Amino acid sequence: MLYILQTTFELGVQYALIPLALFLSFRVLDIADLTTDGSFVLGMAVSVTLAAAGHPIAALFAAMLCGALAGFVTALLQTRFGVPSILAGIVTNTGLYTVNLMAMGWSSNATILRQATIYTMFRSLGIGGRWSNLLLTAVIVALVAAAIIWFLGTRLGLSLRATGDNRDMVSASSINPAYTVTVGLCIANALTALSGALVGQSQRSADINAGTGIVVIGLACLIIGETLCRRGSMARGVLSAIVGSIAYRFIYAVVLKTRIVPIECLKLVTAIIVALAIAMPTIREKLAFNRRVRKAGKEG
Amino acid sequence: MLTIQNISKTFNPGTVNEKCALRGLSLHLDRGDFVTVVGSNGAGKSTLFNAIAGNFFVDEGRIRLDGQDVTFLPDHKRSRSIGRLFQDPLRGTAPHMSIEENLSLAYLRSSSGKSPFSHISKEDKALFRERLELLGLGLENRMQQPVGLLSGGQRQALTLLMATIVTPKLLLLDEHTAALDPATAEMILRLTTQIVAEHTITCLMITHNMSQALSLGNRTLMMADGHIVLDIAGEERRKLSVENLAERFKLQAKELLDNDRILLS
């Protein structure tokens, strides 16, 4: 039982940077960034390949840089070349498939055999005992989360937030919205890639299909987190991304253990949850309107 | 201050929707001019403002602002020296951000030397509070509240403050009181004239109110069909009555209508 709990937390924290990235792109910038699937695998591939070559720490930074580059391409397509934002993400994502294969030496997977990972290095320091993996990931994620909260309070962070809230106002404040979108998507995809890098080193392998549907799972995490923590300030948004990710893995573990839902159906269930959660405000409005019409019909 | 030479703009050229919105328009504004602009719908008033603000680039002609040629400068760069208010009070503010955050965004226009990674400073906050107090709406005590909670009038007052917190070289007012109730409109107009006078801001204001067009500022323009058809100031303007202006306005509109009839018959 304790083992399951530990794994749940480990996975939840490792994947937490994805809902955090989506918080930036989907909530703050109001852009559905479909680069996410590809940049997750990109981070994983770069991280595992570099760790296998003996550079586990540099691997994390390299993964983030590559993720940022992927975000830059998506941003470039939509801000400079007029590609609709969703399509821009899909195009980059498709291209990344080949890039990811290349990053793994033209193979569909890569493994770290006996080389060190950040986790084995940290364990050898003797801190945290059996919880050392969780501890290290939690520290990294906490640092990133703190940096994001700090960033959203800066002048650049404020203009990023305004981009998603009222884009006209950004250009009226002498800031180019194309610039804020680019910065935002670079950061978001760097975070996604970092998540991939952590997962990759933790399971000592990377797989070309590891990212399939991860953007939907990330959104599910974000929405679950927002339901638990309520939407509000930026700090609360960052917190809800992390809480949501852990909660999602918890639900996943329960489903796995109890088999309420066959595990093969989990992606379908996730998709339905996300679709319902995003559609909920509209559904509620329609229902309320129908009730009014029926009531008016009875009275009239 | 502002010199417009012979600008033209055609939308959707070569299609059935082709619309020539500005036809060789020229205009010169001196520093401190407060110019009111009247004209029927479709006369090109807002298009002129969009051309000045840089929402699109003109097909022909030049636009100079304070000696600098801005013809090919993108809108976000022009916004350093041009403030703008729209009829819709929602257009100028970010609803989910606080009053303080909105003001600090507007204040970015001044901070070319400051790092993009710096936070809002204590001095900035003090300045915002001081400026908000001048509005007399009590907004200085609600600086942490999201702007979406404010009324239309309060939001327009805030937008006015944001457009002028870094004194612009030119202020464009696009019927900025038209969507407000009469009392609020009056309040916004009073604040506008007060701020414009205090900083001697050069100002262009579109209005559909003929008496306002003559009573405010020092010069009045009438636009029709992408041209300036009337440009009066000084003695001539003082002598012109509201009825006279309205009469000329109707005449212009009728002329356009007649032209259309010729086309259609």
Side-chain angles (χ1 to χ4, degrees), chain A residues 23-31 75 79-82 144 146-184 186-187 190 222 226 230-238 240 281, chain B residues 50 53-55 73-86 88-98 100-121 124 144-148 155 158-160 162-166 168 171-172 174:
Chain A
F23 172 71
L24 278 182
S25 57
F26 191 67
R27 286 283 184 242
V28 174
L29 283 177
D30 199 19
I31 292 172
T79 55
R80 306 284 179 193
F81 298 110
V144 171
I148 294 293
I149 293 173
W150 171 84
F151 170 73
L152 287 171
T154 62
R155 287 167 208 276
L156 183 57
L158 282 180
S159 22
L160 232 71
R161 291 173 54 195
T163 310
D165 211 7
N166 182 350
R167 201 174 279 213
D168 287 345
M169 195 190 128
V170 179
S171 34
S173 311
S174 78
I175 312 273
N176 190 352
Y179 170 67
T180 51
V181 166
T182 308
V183 170
C186 284
I187 297 177
L222 184 59
E226 283 172 349
R230 298 270 161 81
R231 285 170 76 175
S233 67
M234 289 293 116
R236 198 180 274 258
V238 169
S240 62
Chain B
N50 284 337
N55 292 47
L73 211 60
D75 56 351
H76 65 271
K77 290 203 173 136
R78 291 190 209 183
S79 73
R80 272 194 192 280
S81 33
I82 299 177
R84 189 171 185 187
L85 266 74
F86 297 94
D88 182 359
L90 308 185
R91 272 185 78 172
T93 44
H96 295 103
M97 296 170 72
S98 70
E100 184 179 279
E101 287 166 341
N102 269 279
L103 279 167
S104 42
L105 268 170
Y107 198 53
L108 286 177
R109 302 211 314 275
S110 77
S111 49
S112 49
K114 284 184 196 154
S115 152
F117 296 109
S118 58
H119 283 67
I120 313 169
S121 66
D124 293 351
Q144 304 304 329
Q145 284 185 12
V147 168
R155 272 179 89 158
L158 180 63
T159 314
L160 177 66
M162 285 165 61
T164 53
I165 193 151
V166 177
L171 184 63
L172 301 174
D174 192 344

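Labels below follow one simple rule: chain letters A, B, ... track the order of the sequence lines, proteins then strands, and each chain is numbered from 1. Quantities reported herein were computed from a predicted structural model and do not represent experimental measurements.
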TODO: Can you see which heavy atom on A/S173 is nearest to which on B/S79, and at what distance?
DONE: C-OG, 3.9 Å
Open item on the list: To the nearest 0.5 Å, what is the distance between CE on A/M169 and CG on B/L90?
Closed with: 13.0 Å
Open item on the list: Apply side-chain contact (heavy atoms from CB on, under 4.5 Å) to residues B/M97 and A/N166 and explain how you reach the verdict.
Closed with: CA-CA 10 Å; B/M97 296 170 72; A/N166 182 350; over 6 Å; no
Task: Close side-chain approach of B/P116 to A/T154, heavy-atom, < 4.5 Å - done: no
Task: Aromatic ring pairing A/W150/B/F117, orientation class (parallel under 30°, perpendicular over 60°, tilted between) - done: parallel
Open item on the list: Determine whether a donor-acceptor pair (N or O, by modelled atom type, separation under 3.5 Å) exists between the side chain of A/R155 and the backbone of B/H119.
Closed with: yes
- [ ] Count the heavy-atom pairs under 4.5 Å between each of B/A106, B/S118, B/P95, B/P74 and chain A, then report the option with the highest count.
- [x] B/S118
Open item on the list: Going by salt bridge (Lys or Arg N to Asp or Glu O under 4.0 Å), name the residues that satisfy it together with B/D174, two or more places apart in sequence or in a different chain.
Closed with: B/R84
- [ ] Select, from B/N55, B/T93, B/I120, the one with the greatest count of heavy-atom pairs under 4.5 Å involving chain A.
- [x] B/T93
Open item on the list: If I compare all heavy atoms of A/A162 with all of B/L105, which pair ends up nearest, and what's the gap?
Closed with: CB-CD1, 3.3 Å
Task: From B/N102 atom CG to A/L158 atom CG, the distance as rounded to the nearest 0.5 Å - done: 9.5 Å
Open item on the list: Please tell me whether B/R109 and A/S174 have a donor and an acceptor in their side chains that are separated by less than 3.5 angstrom.
Closed with: no
Open item on the list: As an exercise, state the distance from NE2 of B/H76 to CG of A/D168, rounded to the nearest 0.5 Å.
Closed with: 14.0 Å
Open item on the list: Can you confirm whether B/L108 sits close enough to A/S159 that some side-chain heavy atom of one is under 4.5 Å from a side-chain heavy atom of the other?
Closed with: yes
